[in-house]
There are 2 protein chains.
Amino acid sequence: MALRNAVMAALLEGEASGYDLAKGFDATVANFWTATPQQLYRELERMAAEGLVTARVVEQERRPDKRLFSLTPAGRDAVRAYTAEPPARPPVVRDELLVKVQCADAGDLDAVRAAVAGRMEWATAKLARYERIRQRLLAGRSEEAYFAEAERVGPYLTLLRGMSFERENLRWGELALRRLEQRSAFHRQQSE
Amino acid sequence: MALRNAVMAALLEGEASGYDLAKGFDATVANFWTATPQQLYRELERMAAEGLVTARVVEQERRPDKRLFSLTPAGRDAVRAYTAEPPARPPVVRDELLVKVQCADAGDLDAVRAAVAGRMEWATAKLARYERIRQRLLAGRSEEAYFAEAERVGPYLTLLRGMSFERENLRWGELALRRLEQRSAFHRQQSE
DNA sequence: TGCACCTACTCAACTTTTTGAATAGGTGAG
DNA sequence: CTCACCTATTCAAAAAGTTGAGTAGGTGCA
């Protein structure tokens, strides 16, 4: 019942096929709620059965047909009801990288450093993608103008959170890399 | 096989019962890998069967006996092997609050603002807890001294990441609150 | 004395999520 | 022309995670 809310959030952006959603659907909701294709197709099926979404089959040339889903009025009501629901439970975090860092001292220091560096690279790429999306949303306007004019502010706000998250990954990664390097050097010294 | 790594990370801090781990085990690993008691008891059982941990029954007065688990040499080898494993997959994030914010414009604006405010309160409390743990780890030393002397830096580094995450929640929350308030006011105006 | 909640687990049933593969045509590179 | 990969989806099965209840004694408070 929780994936459902994420799917509705995604469909607020407009029609989408299961495949669109699986690919990350415009890189918005996918950033704070991930799901596999399977989950999405199944959930969309259920939601259609319950009348929250309708499917419109679009026949395509040179491509398999696709079913574009969109929110029904009942679906929009469900969005409203969902946002008014009792406080969201604390986020589920599951970050392997941090588990590795926690084990760093008892593990393979160099491999952990490489993992941190990898994450930083990833964060840099993601940040660039976010920035492109931001520019598209702003459409030339200043942030102030955007907030004054845009019909929706939700997607922009979540985008900002995503960006600050990745920036923190970079900031922290640099620090962690430096400290792990220090530790590596210390170990090398000791074994001499 | 992934929960297992988090359990090993926790056991690097020393012996723990399933119950200890379930409670959050010193608020370290639990911050980037959550699990229910059931999962932990089951996983510990499996790990014991595979020789990664050993259990030591401690009889207690006025309290049920407990089984304290600790890493075996094979468990320590597994930690080493784990940290050297191929790059960690990107973190699984699943934050209902952001889904709600994404839906804010189509949903109940006031409820969403309340949810953001709730998260901020939670972040403040968490930050305070983190700070206490940090002081305990530092044990009066400066950070520089800590990194030079401490036998393990992993737990401190992950703690720093947790702290920066919560600080970002606060920073972003303030901004989001302001913008959502703006929007609320705008809607009130329009309906007059 | 009763109630609520804490320690310390275990069992069973359930739901959710992940993984792997199958189908079926289309596109692009060498 | 072949190979790899893209669109678009479905099926089946395994792994992971959640929920609820049960046991059994202990503490704290009014």
For each nucleotide in nucleotides 13-24 of chain D, reading 5' to 3', give B when a protein heavy atom comes within less than 4.0 Å of its base, S when such contact involves only the sugar-phosphate, and - otherwise.
---SBBBB----
Does C:dT7 have its OP1 or OP2 closer than 4.0 Å to a side-chain nitrogen or oxygen of B:S17?
no
When the distance from NZ of A:K66 to P of D:dC6 is rounded to whole Å, what number comes out?
17 Å
Quick check on D:dT10: is either OP1 or OP2 less than 4.0 Å from any side-chain nitrogen or oxygen of A:Y41?
no
Return no unless some side-chain N or O of A:R4 is found under 4.0 Å from OP1 or OP2 of C:dT15.
no
Connected to B:V58, directly or through other members, by ILVMFWY side-chain contacts below 4.5 Å are B:L68
Sorted by chain and residue number, the side-chain contact (heavy atoms from CB on, under 4.5 Å) partners of A:E174 (sequence neighbours excluded) come out as A:M120
Set of side-chain contact (heavy atoms from CB on, under 4.5 Å) partners for A:Q135, sequence neighbours left out
A:E131, A:L138
Rounded distance (Å) that lies between atom P of C:dC6 and atom NZ of B:K23:
11 Å
Listed partners of B:T124 passing side-chain hydrogen bond (donor to acceptor under 3.5 Å, both in side chains), at least two apart:
none
What is the bend of the helix from C:dT1-D:dA30 to C:dG30-D:dC1 when you compare the axis at one end with the axis at the other, using five pairs each and rounding to 10°?
40°
For A:E168, what residues pass the side-chain hydrogen bond (donor to acceptor under 3.5 Å, both in side chains) criterion, not counting sequence neighbours?
A:R171, B:S164
Rounded to whole Å, please give me the gap between CG in B:D20 and P in C:dC6.
16 Å
With sequence neighbours excluded, what pairs up with A:T36 under the side-chain hydrogen bond (donor to acceptor under 3.5 Å, both in side chains) test?
A:Q39
Remaining members of hydrophobic cluster (4.5 Å side-chain criterion), A:V92
none
Between A:Y19 and D:dT9, does any side-chain N or O lie under 4.0 Å from OP1 or OP2?
no
Whether A:K66 engages the ring of A:Y19 as a cation-pi pair (distance to the six-membered ring centre under 6.0 angstrom, angle to the ring normal within 45°) should be assessed.
no
